[in-house]
Student: 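Supplied in C-alpha cells, the structure appears directly below.
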Amino acid sequence: MNTNNAKDFIPERTTVWDFPIRGDWATHKGDYRGNFAPQIARNVLLNYSSEGEMVLDPMCGSGTTLIEARLLNRNAIGYDINQNAVDITRARLAFDVFNSSQQRVERGDVRTLSALAENSIDLILTHPPYANIVKYSDNQNPDDLSSISSIHEFLDELEIGIRELYRVLKANR
Ligand SMILES: C[S@@+](CC[C@H](N)C(=O)[O-])C[C@H]1O[C@@H](n2cnc3c(N)ncnc32)[C@H](O)[C@@H]1O
C-alpha cells in the first residue's frame with residue numbers, strides 16, 4: 001500500500017486551498033461521490049488537533065477523515081446513515097500503522113448521537129450532503145438528509161445535527 005505518497009503533502013497556510021492532484025495514498029480512492037480530497041482532511045487534522053486526541057466525523061461517507069486520523073495518530077469515531085458507507089470505511093481502515101490510535105465506525109444519524117457524551121470530542125470534521133443534489137440512499141431512506149427535497153426542511157434537519165455536534169464537542173474546540 002502506498003502510504004509514502006503523503007510525503008509530498010504541503011500544508012496549506014492560507015484560506016485558499018488548491019490541490020492540482022487528488023491524494024491517493026493509503027486506501028484513499030476518489031470513487032465515493034462528493035468525497036473529500038484527503039488533503040482537506042489532512043490539513044484540518046494537522047491544524048486543529050494533536051496526536052492522541054478524539055476526532056468525530058458523523059457523516060463519514062467513504063472514511064476520508066478516519067483514514068487520515070489513522071495515519072496521523074488521532075483516535076476517531078465515524079458514523080453514517082448508510083450501511084454501504086460504513087462498510088466502505090471499515091474496509092479502508094484495515095491497514096497497519098505504526099501508532100496506537102483507534103478508529104471505529106458505526107451506522108448512525110448525525111441528529112442523534114446518544115452514544116457520545118457531551119464535551120467528549122476534540123475535533124469534528126464533517127462534510128454534509130449537498131441538500132438533495134447527490135442522493136446517497138438508493139432506497140429513499142427518510143433519515144438520509146440527501147433524500148429531503150425542501151431546502152428549508154434540509155437546513156432545519158441539518159441544524160438539529162449541528163446542535164448535537166455542539167453538545168459533544170469540548171468547550172473551546
Ligand atoms: C458528502 S458525503 C461525505 C463524504 C466524506 N467526507 C468522504 O470523504 O467520503 C455525505 C454523507 O452524509 C451521509 N448522511 C446523510 N444523512 C445522514 C445522517 N442523517 N446522519 C449521518 N450521515 C448522513 C451520506 O450517507 C453521505 O455518506
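Just so it is clear, the structure is predicted and the values come from calculations on it, not from any experiment.
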Student: Compare every heavy atom of Arg33 with every heavy atom of Val134, then report the nearest pair and how far apart it is.
Tutor: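 The pair with the smallest heavy-atom distance is CG2-NH2, 3.7 Å.
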Student: Leu158 and Pro128: which non-hydrogen atoms are nearest, and at how many Å?
Tutor: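 Shortest heavy-atom separation between Leu158 and Pro128 comes out as CD1-CB, 4.0 Å.
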Student: Using modelled atom types and a 3.5 Å cut-off, is there a donor and acceptor pairing between side-chain atoms of Asn75 and backbone atoms of Gly52?
Tutor: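 Yes, because the side chain of Asn75 sits within donor-acceptor range (under 3.5 Å) of the backbone of Gly52.
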Student: Hey, quick one: are Tyr136 and Val110 part of the same hydrophobic cluster, counting side-chain heavy atoms closer than 4.5 Å, chains of contacts allowed?
Tutor: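 No, because Tyr136 and Val110 fall into different hydrophobic clusters, even though each may have its own neighbours under 4.5 Å.
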Student: Do Ser120 and Glu118 touch side chain to side chain, with heavy atoms closer than 4.5 Å?
Tutor: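 Answer no - side chains too far apart.
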Student: Please report the interatomic distance OG1(Thr112) to CG(Asp143), rounded to the nearest 0.5 Å.
Tutor: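 One gets 8.0 Å once the value is rounded to the nearest 0.5 Å.
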Student: Does any part of the side chain of Arg111, heavy atoms only, come nearer than 4.5 Å to the side chain of Leu145, both counted from C-beta?
Tutor: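 Yes, their side chains come closer than 4.5 Å.
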Student: What pair of heavy atoms forms the shortest contact from Asn119 to Ala171, and how long is it?
Tutor: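 Result for this residue pair: OD1-N, 3.9 Å.
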Student: Answer yes if the side chains of Arg22 and Asn35 hold a donor-acceptor pair under 3.5 Å, and no otherwise.
Tutor: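 The answer is yes; a qualifying pair exists.
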Student: Which value, rounded to the nearest 0.5 Å, describes the distance between Ile124 atom CD1 and Tyr48 atom OH?
Tutor: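 Taking CD1 in Ile124 and OH in Tyr48, the distance rounds to 14.5 Å.
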Student: Just wondering, do Thr64 and Tyr32 contact through their side chains at under 4.5 Å, heavy atoms?
Tutor: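 No - every pair of side-chain heavy atoms lies 4.5 Å or more apart.
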Student: Evaluate the side-chain proximity of Leu56 to Leu165: yes if any heavy-atom separation is below 4.5 Å, no if none is.
Tutor: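 Result yes, sub-4.5 Å side-chain heavy-atom pair found.
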Student: Between Glu12 and Thr14, is any side-chain donor less than 3.5 angstrom from a side-chain acceptor?
Tutor: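 There is no such pair (donor and acceptor under 3.5 Å, judged by atom type) between the side chains of Glu12 and Thr14.
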Student: Take the angle between the ring planes of Trp25 and Phe9 and call it parallel below 30°, perpendicular above 60°, tilted in between.
Tutor: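 Ring orientation, 0 to 90° scale: perpendicular.
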Student: Taking the side chain as every heavy atom from C-beta outward, state whether Val97 and Leu71 have any atom pair closer than 4.5 Å.
Tutor: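 When only atoms from C-beta onward are counted, Leu71 and Val97 do touch, with a gap below 4.5 Å.
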Student: Can you get from Tyr166 to Met59 by hopping between Ile, Leu, Val, Met, Phe, Trp and Tyr side chains that sit under 4.5 Å apart?
Tutor: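 No, separate clusters.
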Student: Specify the closest pair of heavy atoms between Ala69 and Ala76, including all atoms of both residues, with the distance to one decimal.
Tutor: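 Closest approach of Ala69 to Ala76: CB-CB, 3.7 Å.
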Student: Treating Arg167 as the side-chain partner and Leu113 as the backbone partner, does any N or O pair qualify as donor plus acceptor under 3.5 Å?
Tutor: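 Yes; judged by distance alone, with no hydrogens or angles, the pair exists.
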Student: To the nearest 0.5 Å, what is the distance between CG on Asp80 and CG on Asp57?
Tutor: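 One finds 8.5 Å between CG of Asp80 and CG of Asp57.
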Student: Are Ile81 and Leu155 joined in one hydrophobic group, where the rule is that I, L, V, M, F, W and Y side chains link up if heavy atoms are under 4.5 Å apart?
Tutor: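 No: no chain of side-chain contacts under 4.5 Å links Ile81 to Leu155.
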Student: Does a side chain donor of either Arg74 or Ser49 reach within less than 3.5 Å of an acceptor in the other side chain?
Tutor: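 Per modelled atom types, Arg74 and Ser49 side chains form a pair under 3.5 Å.
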Student: Should Tyr130 and Leu125 be counted in the same cluster of Ile, Leu, Val, Met, Phe, Trp and Tyr side chains packed under 4.5 Å apart?
Tutor: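 No, separate clusters.
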Student: Applying the 4.5 Å side-chain criterion to the ILVMFWY set and letting contacts propagate, would Ile151 and Ile148 be lumped into a single cluster?
Tutor: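 Same cluster.
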Student: Taking the side chain as C-beta and beyond, is there a heavy-atom pair between Val55 and Leu45 under 4.5 Å?
Tutor: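 Side chain of Val55 against side chain of Leu45, heavy atoms only: contact under 4.5 Å found.
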Student: With rounding to the nearest 0.5 Å, note down the distance linking CG in Asp96 to CZ in Arg70.
Tutor: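 Those atoms lie 7.0 Å apart.
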Student: Hey, mind stepping through Asn43 and Gln39 against side chain to side chain donor-acceptor pair (under 3.5 Å) and telling me if it holds?
Tutor: CA-CA 6 Å; Asn43 273 297; Gln39 289 97 328; over 6 Å; no
Student: State whether a side-chain donor-acceptor pair under 3.5 Å links Ser137 with Asn82.
Tutor: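 Yes, Asn82 and Ser137 have a side-chain donor paired with an acceptor closer than 3.5 Å.
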Student: Do Leu116 and Tyr79 pass the side chain to side chain contact (heavy atoms under 4.5 Å, CB included) test, and can you show the C-alpha distance, the side-chain angles, and the key distance before you say yes or no?
Tutor: CA-CA 11 Å; Leu116 300 183; Tyr79 293 106; 3.7 Å; yes
Student: In terms of side-chain geometry, is the basic nitrogen of Arg42 or Glu68 positioned less than 4.0 Å from the acidic oxygen of its partner?
Tutor: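 Between Glu68 and Arg42 there is a salt bridge, with a charged N closer than 4.0 Å to a carboxylate O.
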Student: For Lys170, is there an ion pair with Glu53 - N to carboxylate O distance below 4.0 angstrom?
Tutor: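 No, Glu53 and Lys170 are not salt-bridged.
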Student: Should Ser100 and Gln102 be marked as a side chain to side chain donor-acceptor pair (under 3.5 Å) after you check the CA-CA gap, both sets of side-chain angles, and the distance that decides it?
Tutor: CA-CA 7 Å; Ser100 57; Gln102 297 193 325; over 6 Å; no
Student: Measure across Cys60 and Thr89 and return the closest heavy-atom pair with its distance rounded to 0.1 Å.
Tutor: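 That would be SG-OG1, 3.8 Å.
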Student: Got a second to check how far His28's NE2 is from Ile67's CD1, nearest 0.5 Å?
Tutor: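 Going from the NE2 atom of His28 to the CD1 atom of Ile67 covers 5.0 Å.
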Student: Taking all non-hydrogen atoms of both residues into account, name the closest pair between Val105 and Arg90 and its distance.
Tutor: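 So the minimum-distance heavy-atom pair works out to O-NH2, 2.8 Å.
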Student: How long is the gap from CD1 on Ile77 to OG1 on Thr65, to the nearest 0.5 Å?
Tutor: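 Separation between the atoms: 13.0 Å.
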